[in-house]
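These values consider heavy atoms only, across backbone and side chains, with no hydrogens, waters or symmetry-generated copies. First the proteins, then the strands, lettered A, B, ... as listed; each starts at 1. The structure presented is a predicted model; accordingly, all values stated were derived computationally and were not measured.
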Protein chains: 2
Amino acid sequence: MSALPPSPADPTAPKPARPAATIHEVARLAGVAIITVSRSFTQPGKLSPGTLSKVREAVARTGYVPNRAAGTLRLARSGFVAVLVPTLKGQNFSGLIEGLTTTLAEHGHQVLIGEVGYSGPREDDLLRSVIGRRPDGIVITGVMHSAEGRALLAQSGIPVVETWDVTPTPVDMLVGASHEAIGYAACTYLARRGRRRLAHVGGDDERAARRARSFVQAASHFGLEAPVLHTVRSPSTHADGRLALGELLARRPDIDAICCGSDPLAMGVMTEARVRGLAVPDRLAVMGSGDSEYAATHVPSLTSIRIDGLQAGRIAARLVLDRLQGVPIEHKVVDLGFEIVERESA
Amino acid sequence: MSALPPSPADPTAPKPARPAATIHEVARLAGVAIITVSRSFTQPGKLSPGTLSKVREAVARTGYVPNRAAGTLRLARSGFVAVLVPTLKGQNFSGLIEGLTTTLAEHGHQVLIGEVGYSGPREDDLLRSVIGRRPDGIVITGVMHSAEGRALLAQSGIPVVETWDVTPTPVDMLVGASHEAIGYAACTYLARRGRRRLAHVGGDDERAARRARSFVQAASHFGLEAPVLHTVRSPSTHADGRLALGELLARRPDIDAICCGSDPLAMGVMTEARVRGLAVPDRLAVMGSGDSEYAATHVPSLTSIRIDGLQAGRIAARLVLDRLQGVPIEHKVVDLGFEIVERESA
DNA sequence: GTGAAAGCGCTAACAG
DNA sequence: CTGTTAGCGCTTTCAC
């Protein structure tokens with residue numbers, strides 16, 4: 001029966017600055033103990049119908065929503081899993097997020113998405129604030145974490161899934177594809193189709209660099225000339241693709257195939273090729289990566305490297321859930337593999 | 001000096017199932033009171049250099065990261081703002097999120113992103129779990145919230161910014177553009193350029209419907225024939241665009257302009273037009289929406305309707321921050337406006 | 001079927 | 001400059 005505090009501050013606030021209802025007010029209104037209100041959410045079956053409906057009415061009247069910060073503190077379970085992605089631009093990670101969200105939702109967990117950026121320095125700070133919220137799991141997407149970050153993760157005791165990438169020394173669990181293998185396979189694919197003067201365009205992030213490296217290696221194995229390389233800022237764009245083709249042709253006018261680190265990049269290359277009157281794929285083969293929605297329906301359709309993000313998300317979610325339930329994890333490292341989706345452009 | 005609990009459960013767990021360090025252990029290790037550890041984070045200047053370094057060392061040794069669930073409970077401030085978007089696919093909302101993230105980060109707030117989906121029924125559930133985490137603000141993107149959802153929001157006492165849309169009855173604050181005005185302006189733009197047989201392709205969500213409606217209205221004002229309308233599933237895709245052009249031409253072979261509800265849709269229309277030998281813009285004008293990265297560099301470049309998402313995010317963040325600091329809000333409703341970026345395609 | 005007590009980890013307020 | 005006390009809102013354990 002305490003008096004309301006004298007509403008301070010903002011006179012334009014539309015809502016009574018009255019703070020959200022707590023379990024105490026609901027209990028008082030319903031004439032029960034707070035524990036009964038709590039049980040109306042967690043085990044409604046254990047309440048008598050009469051009590052339950054009294055409580056439910058009080059909940060509805062007050063718009064009461066339990067404060068999960070209190071629950072998290074008490075239970076040492078926050079009910080959410082954090083996902084750290086480099087960027088939300090482009091549709092690279094939407095499949096992963098969808099896979100995580102749906103699988104985790106089935107088990108009552110939510111997903112918190114954090115954008116790390118490709119830069120890196122802020123990474124540890126972000127990691128710290130994420131850990132501070134005590135997620136039940138952390139899914140890290142293609143981040144090269146610092147030694148300090150790795151230590152923080154390890155000491156947090158939180159299940160960690162690294163994904164999108166295969167590293168030799170995972171912090172904990174791993175769901176990824178080998179970018180070395182991808183680069184090698186892309187080169188093999190082009191070489192087998194008779195391409196001889198190759199080029200590679202990729203972003204300036206770590207994974208892209210690894211792909212490019214093994215692309216070059218493969219070319220050397222096949223006895224091809226060293227591919228012409230071009231690097232652009234990540235995340236790479238259509239505009240980058242147009243410029244890249246110009247650059248590459250200036251350096252080596254007779255290239256007959258370009259492997260691109262993303263689909264927008266590949267689309268840019270194809271646009272520029274069309275402008276320059278270079279037929280794709282006859283004169284120039286173009287490969288993308290990401291298997292974007294438009295890859296299949298563009299003309300010419302785009303050959304693209306596909307990593308199954310949806311599946312990666314589902315697996316990562318399962319790993320976290322299993323660890324939380326104490327189920328022994330059989331394979332802590334899962335190789336997702338990849339697929340070269342063959343279409344018209346290469 | 002308590003013994004470690006007998007590690008239970010998962011034998012494959014790589015890390016000591018030892019839970020994360022608490023402030024007590026750090027304090028003990030450093031030989032100070034827990035409040036001193038707390039202050040080493042909140043007001044390090046108030047500690048003597050010696051004490052500070054002792055504490056910092058203990059923090060580093062344990063990998064201690066303060067539990068924000070406890071802080072949230074104590075301070076009634078969670079330090080994050082929740083953003084609810086219909087989808088992360090496509091780049092529609094990445095600008096908004098970027099604007100929010102950067103502005104809020106400057107003030108020590110994080111952003112939690114939630115994907116609502118265009119469907120709707122799950123919306124109230126998601127809203128409830130978001131409110132349960134007591135965000136310091138909620139930014140809702142183009143969601144038609146139910147009466148119950150609105151009540152929940154109002155009773156939560158949390159600052160709410162609706163965005164991306166203008167509604168007549170905002171729950172609290174609003175940053176948006178009028179989709180009626182956009183539809184009208186798009187039609188005006190095409191009519192002024194001499195187009196007479198118009199078509200409109202849009203998604204099946206509420207906002208798209210409003211644009212289409214006022215597009216039709218405008219056509220009627222200008223004395224044009226009723227535009228041919230086609231609706232696709234949101235979020236609309238390149239594939240939808242290709243099919244849409246076929247549909248529209250089948251119904252009305254002589255259309256000379258198509259207004260599309262998204263850029264992928266417009267790209268699909270342009271691809272199909274190229275396949276069919278219809279010159280853009282001479283034979284067929286095409287407008288997109290979203291002003292995607294590739295709009296400027298595609299050939300022909302794409303005329304597109306642009307809403308400044310980055311700016312929307314910044315403004316929404318400011319509104320939330322002002323409300324939190326008790327600053328009177330001058331304009332609770334901000335009309336962002338929009339811009340038709342004129343390029344080659346229309 | 002219902003309730004009282006205790007405590008999760010932290011920080012504001014008030015000593016000293 | 002440092003420490004003690006109290007309590008944020010909830011759920012587990014143990015009683016009735």
Side-chain angles (χ1 to χ4, degrees), chain A residues 2 5 18-56 58-59 62-79 108 128-129 131-134 136 156-157, chain B residues 2 5 19-56 58-59 62-79 108 129 131-134 136 156-157:
Chain A
S2 59
R18 170 162 47 88
T22 74
I23 200 171
H24 288 97
E25 301 165 48
V26 177
R28 191 169 45 72
L29 206 64
V32 298
I34 60 171
I35 182 63
T36 302
V37 177
S38 177
R39 283 201 264 257
S40 81
F41 289 97
T42 58
Q43 351 180 10
K46 292 208 168 173
L47 299 190
S48 76
T51 310
L52 186 56
S53 72
K54 267 193 310 185
V55 173
R56 292 232 162 113
V59 167
T62 52
Y64 171 64
V65 179
N67 184 337
R68 298 217 50 173
T72 296
L73 193 55
R74 178 64 237 242
L75 300 173
R77 271 286 167 99
S78 61
R128 220 181 298 271
S129 58
I131 291 174
R133 299 196 184 279
R134 299 293 189 271
D136 294 336
S156 72
Chain B
S2 60
T22 74
I23 200 170
H24 288 97
E25 302 165 46
V26 177
R28 189 168 48 71
L29 206 65
V32 298
I34 61 171
I35 185 66
T36 302
V37 177
S38 177
R39 282 201 266 257
S40 80
F41 289 98
T42 56
Q43 350 179 12
K46 293 208 168 172
L47 299 190
S48 76
T51 310
L52 185 57
S53 71
K54 266 193 310 182
V55 173
R56 290 233 164 114
V59 167
T62 52
Y64 171 66
V65 179
N67 183 338
R68 298 217 50 174
T72 296
L73 194 56
R74 177 64 237 238
L75 299 173
R77 271 286 168 99
S78 60
S129 59
I131 291 174
R133 300 197 183 278
R134 300 292 189 269
D136 294 336
S156 72

Output for pair (B:Lys54 NZ, B:Leu47 CG), nearest 0.5 Å, gives 10.5 Å
The first and last nucleotides of DNA chain C lying within contact of chain B, meaning any atom under 4.0 Å from one of its heavy atoms, run from C:dG9 to C:dA12
Separation between CD1 (A:Ile23) and CZ (A:Phe41), nearest 0.5 Å, reads 7.5 Å
Value for OG (A:Ser38) from CD (A:Gln43), rounded to nearest 0.5 Å, stands at 8.0 Å
Here the pair of heavy atoms bringing A:Ala70 nearest to B:Leu73 is CB-CD1, 3.8 Å
Heavy-atom closest pair (B:Thr62 atom, B:Val26 atom, distance to 0.1 Å) is OG1-CG2, 3.6 Å
In this structure, OG1 of B:Thr72 is separated from CZ of B:Arg77 (nearest 0.5 Å) by 11.0 Å
- Message: Looking at B:Ser78, is its backbone amide N or carbonyl O close enough to the side chain of A:Arg133 to form a donor-acceptor pair, meaning the two atoms are under 3.5 Å apart?
- Response: yes
Pairing string of DNA chain C (Watson-Crick or G-U wobble, both atom distances under 3.5 Å; | = paired to other strand) is ||||||||||||||||
Contact under 4.0 Å: B:Ser48 side-chain N or O vs D:dT2 OP1/OP2: yes
Using a cut-off of 4.0 Å on non-hydrogen atoms, how would the nucleic acid contact of B:Thr72 be classed: base, sugar-phosphate, or nothing? nothing
NZ (A:Lys46) and OG1 (A:Thr51) are apart, to the nearest 0.5 Å, by 14.5 Å
Rounded to the nearest 0.5 Å, the OG1 atom of A:Thr42 sits from the CD1 atom of A:Ile35 at a distance of 7.0 Å
5' to 3', nucleotides 7-16 of chain D under a 4.0 Å protein heavy-atom cut-off (B base, S sugar-phosphate only, - none) gives BBBBBB----
* May I ask you to test the A:Val37-A:His24 pair for a side-chain heavy-atom distance under 4.5 Å? => no
